[in-house]
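Owing to the predicted nature of the structure, the values given are computational and were not obtained by experimental measurement.
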Amino acid sequence: MTRIAMVGAGLSAVSACDALRGGGFDGEIVLLSDEAGLPYDRPPLSKDVLTGSAATREDIALRPADWYEKQRVELRPGIAVTALRPDEGVLELADGSELTADRIVLATGGTARTLPVPGADDPAVHTLRTWAEAERLRARLVPGARIAVVGAGLIGAETAAVATALGCAVTLIDPVPVPLTAVVGPDIAGALHARHRAEGIDVITGGVKRIDRAPGAEEVTVTVGGRPEPVTADTVVVGIGIRPATALAEAAGLTVDNGIVVDAAQRTSHPRVYAVGDVARRSGDPVRHEHWDAARSGGQAAAAGLLGAAPPARSASWFWSDRYGSRLEGVGSMADAEETVVRGDVASGAFTVFGLRASVLIAAAAIDRPKDIKAAQRLIARAVPVRADRLTDPATELRALLRG
C-alpha cells in the first residue's frame with residue numbers, strides 16, 4: 001500500500017493521518033478538502049468564533065501549517081471530489097483530474113439541516129456548520145439585534161448563549177419542551193433549559209411553520225405553531241442537526257443507511273474504502289455519533305484497520321457543551337439506562353446524573369463536575385458493578401468504586 005487518500009479534512013481525517021504516521025505507515029497520504037485554507041476544529045464555531053476571540057482560521061486550526069509538511073501529509077485545500085471508482089481506486093476531482101489511491105477514506109461529514117418551511121431560503125436565515133457560515137453570522141450578532149434561534153440542542157443552545165452575552169435580544173424556539181432529555185436525563189436537561197430563561201431569553205415551545213418578509217422590510221417574521229403572534233427577528237439561526245454527506249458513497253455503490261455503514265475498523269462495504277466521522281455509522285449501532293470524541297476515535301480506528309492492526313477498544317461516546325460560563329459533559333446515553341441517580345445538589349446547578357443498567361454504570365452527565373465524568377468514563381469502560389447508593393453518597397470517592 002503506497003498511497004492513502006482522505007476525502008474531507010475534519011478532525012476524523014486529521015486524526016487518521018496522525019495515527020497512520022504514529023503506526024509506522026511510510027507511504028503517501030493525500031488530504032483533500034473542498035474548503036480553502038487550513039483544516040479547522042468545528043466546536044469553536046458556535047463559541048469562540050462567534051464571540052470574536054477566535055478571529056482567524058489559524059486560531060481554530062486542527063494542526064499548524066507546518067505539521068502537514070513534517071508528517072508528509074499532502075494537503076490539497078479547495079479540491080472537491082466529484083466521484084469515486086472504488087474498484088479502480090480512482091477519485092475524480094472537480095478540476096477534471098483524477099487521483100489514484102490504494103485505499104480511500106471518506107470523511108465527508110455532513111451539511112446543516114435546513115427548515116422545510118416556506119421562507120427558509122430568506123437571506124436572514126443562517127446555519128452554522130462552516131467557518132464561512134460562522135463569519136457571516138458573527139457580523140449579525142451586534143448589541144440590540146433580534147435573533148431567533150431555531151433548535152435548542154447543543155449548537156442552538158450555545159449560539160443563543162453567545163448571542164445573549166453579546167447583547168442581542170434572543171428568542172429560542174424548539175418543538176420539544178425540554179431538549180436533550182433522552183441523552184442526559186430530565187434533571188440535567190431541565191437545569192440546562194431553565195438557564196435560558198434565567199439569562200433573559202424568550203423560550204418558545206413549538207415548531208416553525210413559515211418565515212416571511214414584508215416588501216421592503218429589513219426584518220423577518222417567524223410563525224410558530226400554537227403561537228398567535230409571530231416572532232420578529234433580524235436574523236434567524238437554524239440549529240436542527242446535520243445530514244450526512246453520503247452522495248459520493250451512494251453513487252459509488254457503497255452501503256448507506258443513515259450514514260455510510262462501517263465495521264469496527266471503519267471499513268465500508270467495499271474493501272478499498274473506509275469512512276470516518278459524522279458520515280459513518282457503525283454496523284449494529286442504530287445511531288451515528290456526531291461528537292468530537294467519536295470523530296477522533298473513528299479516525300484512529302480507521303488507521304488501525306488500514307495498518308492491519310486490531311482497532312482500539314471502543315469507549316462510550318463523550319461530549320461537552322459550554323454555555324453561560326458552565327460546562328455540560330456527558331458520556332454514554334441516558335436513554336439506555338434502566339435507573340438514574342443524582343449526585344450533588346440539583347438546586348445548586350452543579351450536579352451529576354448517573355445511568356445504570358443491571359447495576360453497571362453505562363452513562364453519566366454532569367454540569368461543572370468534570371472529576372465525576374472522568375471517574376464515570378473509567379467505570380463504564382471497566383463495566384464494574386456498582387451500587388446506586390454509593391454513587392449518590394458525597395462521602396464516596398468515585399475512584400474507589402473502580403476496585404469494586
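Annotation: side-chain contact (heavy atoms from CB on, under 4.5 Å) contacts of Arg357 (sequence neighbours excluded): Asp336, Glu338, Ile362. In this structure Asp34 satisfies the side-chain contact (heavy atoms from CB on, under 4.5 Å) test together with Ala80, sequence neighbours excluded. Evaluation of the salt bridge (charged side-chain N to carboxylate O under 4.0 Å, His left out) rule for Arg76 yields Glu74 as partners, not counting sequence neighbours. Applying the salt bridge (charged side-chain N to carboxylate O under 4.0 Å, His left out) criterion to Glu133, with sequence neighbours excluded, gives no partner residue. Considering only residues two or more places apart in sequence or on other chains, Asp257 meets the side-chain contact (heavy atoms from CB on, under 4.5 Å) condition with Val261, Arg281. With sequence neighbours left out, the side-chain contact (heavy atoms from CB on, under 4.5 Å) criterion links Thr246 to Pro244, Glu250, Val256, Ile260, Val279.
Ionic pairing of Asp26 and Arg72 is present here: one or more N-O contacts between side-chain nitrogen and carboxylate oxygen are shorter than 4.0 angstrom. A salt bridge links Asp322 to Arg327: at least one charged side-chain nitrogen sits closer than 4.0 Å to a carboxylate oxygen. Using a cutoff of 4.0 Å between basic side-chain nitrogens and carboxylate oxygens, Arg129 and Glu35 are not scored as salt-bridged. With respect to Lys47 and Glu158, a salt bridge is recorded, a charged nitrogen being found less than 4.0 Å from a carboxylate O. We find that Glu98 and Arg85 are joined by a salt bridge, their nearest charged nitrogen and carboxylate oxygen being less than 4.0 Å apart. For Asp393 and Arg390, the salt-bridge test fails: no basic side-chain N is under 4.0 Å from an acidic carboxylate O. With respect to the salt-bridge test (charged N to carboxylate O, under 4.0 angstrom), the residues Arg63 and Asp18 qualify. With salt bridges taken as basic N to acidic carboxylate O contacts below 4.0 Å, one links Asp285 and Arg314.
Side chains of Asp102 and Thr2: a donor-acceptor N/O pair is present below 3.5 angstrom, by distance only. Gln377 and Ser315 are not linked by any side-chain donor-acceptor pair at a separation below 3.5 angstrom, with hydrogens and angles left out of the test. Inspection of the Asp202 and His196 side chains reveals no N or O donor paired with an N or O acceptor under 3.5 Å. Donor-acceptor pairing under 3.5 Å is recorded for the side chains of Ser326 and Asp368.
Between Trp67 and Leu62, every side-chain heavy-atom pair lies at or beyond the 4.5 Å cut-off. The closest side-chain heavy-atom distance from Phe354 to Thr392 is not below 4.5 Å. Side-chain contact check for Val149 versus Ile173: every heavy-atom pair is 4.5 Å or farther apart.
Around the CZ atom of Arg227, the shell of radius 6.0 Å holds more than 12 heavy atoms that belong to other residues, nucleotides or ligands.
Proximity of a side-chain donor or acceptor of Thr108 to a complementary backbone N or O of Ala245 within less than 3.5 Å is detected. For Arg138 (side chain) and Thr51 (main-chain N/O), no donor-acceptor pair under 3.5 Å exists by modelled atom type. For the pair Arg288 (side chain) and Asp278 (backbone), a donor-acceptor distance under 3.5 Å is present. The backbone N or O of Ile242 lies less than 3.5 Å from a partner atom in the side chain of Arg113, making a donor-acceptor pair. Between the side chain of Asp48 and the backbone N or O of Pro44 there is no donor-acceptor pair closer than 3.5 Å. Under the 3.5 Å distance criterion, the side-chain polar atoms of Tyr40 are matched with a main-chain donor or acceptor of Trp131. The main-chain N or O of Val203 is found under 3.5 Å from a side-chain atom of Arg197 such that the two form a donor-acceptor pair. Remark: side-chain polar atoms of Arg213 are not paired, donor with acceptor, to backbone N or O of Val220 under 3.5 angstrom.
Between Gln266 and the choices Val276, Leu106, Val105, the side-chain contact (heavy atoms from CB on, under 4.5 Å) rule is met once, by Val276.
Between Phe319 and His291, the two ring planes are parallel [angle under 30°; tilted spans 30° to 60°].
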